[in-house]
Amino acid sequence: FEVSGTVAALGAGVTGVAIGDRVATFPDKGGAYAEKCVASAAGLMSVPGMAVYSASKHAVVGFSDSLRLELARSHPGKVAVTTVCPSFIATGMFDGAKPPRGTRWLSADEVASRALAASAQGRPWVREPALVKLVPLLKALPTRLADRLCAVFGIHGSMEGFHGKR
């Protein structure tokens, strides 16, 4: 566990979203406006082998949802914020990782299309694939039971073969 690398990774994972969204969400136009913040399913739950990545994505989820509420107050009915939380996307970044049981690698085009559709409709969340939609329910369970279910679905073992883009 190397502190300076951890701090750099956390900063990179959060700062770009925060700066980009703060600039983009205050347009000088009278019409409705939609903003998207891309996080990850790892921002909704903890995954062994992804501590730093997961922490940065948890921060993006918190930022995005708080921003949604702030902008709903300051620009009622004018600004919608959508938090995008996909599982593994086939970009090479997670080469060697294994999507949880019952899921598959998502394509970047597929996630982008769903994010754009949700944003246009003012929906606050995109959670893909279907298993990710169940995470809020899973988090409501006692921790040890949730951990066992994550093991059964292969969520906690998904990073065991991870080697990243080579």
Side-chain angles (χ1 to χ4, degrees), residues 1-2 5-25 33-68 79-139 146-147 149-166:
F1 185 73
E2 197 266 312
T6 299
V7 171
L10 284 170
V14 178
T15 307
V17 172
I19 292 170
D21 286 340
R22 282 294 177 185
V23 169
T25 51
Y33 185 74
E35 182 60 44
K36 293 158 289 310
C37 296
V38 179
S40 167
L44 300 173
M45 66 184 316
S46 304
V47 179
M50 299 180 88
V52 174
Y53 180 81
S54 184
S56 72
K57 297 308 178 179
H58 273 77
V60 172
V61 167
F63 170 81
S64 181
D65 205 36
S66 293
L67 183 65
R68 176 185 64 81
V79 181
V81 176
T82 300
T83 306
V84 184
C85 296
S87 185
F88 294 112
I89 300 174
T91 63
M93 180 176 165
F94 287 105
D95 282 357
K98 189 172 47 178
R101 285 182 187 86
T103 69
R104 61 181 173 72
W105 287 95
L106 301 168
S107 75
D109 288 344
E110 175 181 15
V111 174
S113 175
R114 290 181 184 170
L116 289 170
S119 182
Q121 296 166 6
R123 291 193 323 242
W125 295 97
V126 173
R127 296 181 188 108
E128 295 294 336
L131 182 61
V132 179
K133 291 175 174 63
L134 299 177
V135 169
L137 297 174
L138 188 63
K139 301 274 292 180
D147 286 347
L149 288 171
C150 285
V152 167
F153 281 104
I155 295 166
H156 284 176
S158 61
M159 294 300 287
E160 288 173 2
F162 171 71
H163 54 73
K165 200 172 214 173
R166 291 185 178 165

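These numbers come from a predicted model, not from an experiment.
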Minimum side-chain heavy-atom gap Lys133-Glu128 below 4.5 Å: yes

Closest approach of Met159 to Gly49 (non-hydrogen atoms, all atoms of both residues): CE-O, 4.2 Å

Shortest non-hydrogen contact from Ile155 toward Ser158: O-OG, 2.9 Å

Leu44 side chain reached by Trp125 side chain, heavy atoms, under 4.5 Å: yes

Test side-chain contact (heavy atoms from CB on, under 4.5 Å) applied to Val38 and Val111, step by step: CA-CA 10 Å; Val38 179; Val111 174; over 6 Å; no

Within-4.5 Å side-chain heavy-atom neighbours: Pro48 and His156: yes

Considering all heavy atoms, the nearest Ile89-Ser107 contact: CG2-C, 3.9 Å

Heavy-atom donor-acceptor pair, Ser64 side chain to Val61 backbone, under 3.5 Å: no

Gap separating the SG atom of Cys37 from the CG atom of Asp65, nearest 0.5 angstrom: 9.5 Å

Polar side-chain atom of Ser119 near backbone of Ala115 as donor-acceptor pair, under 3.5 Å: no

Residues forming a ring pair (Phe, Tyr, Trp, His ring centres under 6.0 Å) with Phe94, sequence neighbours excluded: Tyr53, Phe88, Phe162

Flag side-chain contact, heavy atom, 4.5 Å: Met45 against Leu138: yes

Heavy-atom pair of closest approach, residues Ser54 and Ser46: OG-CA, 4.0 Å

Minimum heavy-atom distance between Gly157 and Lys98, given as atom pair plus value: O-CE, 4.4 Å

Heavy-atom side-chain proximity of Leu131 to Ser87 below 4.5 angstrom: no

Donor-acceptor contact below 3.5 Å, side chain Arg104 vs main chain Pro99: no

Gap separating the SG atom of Cys85 from the NZ atom of Lys57, nearest 0.5 angstrom: 9.5 Å

Inter-residue atom distance Leu149.CG - Leu134.CG, 0.5 Å rounding: 10.5 Å

Approximate separation, where rounding is to 0.5 Å, of Cys150 SG and Lys139 NZ: 8.5 Å

Close side-chain approach of Pro86 and Arg114, heavy atoms under 4.5 Å: no

Any side-chain heavy-atom pair of Thr83 and Arg68 under 4.5 Å: no

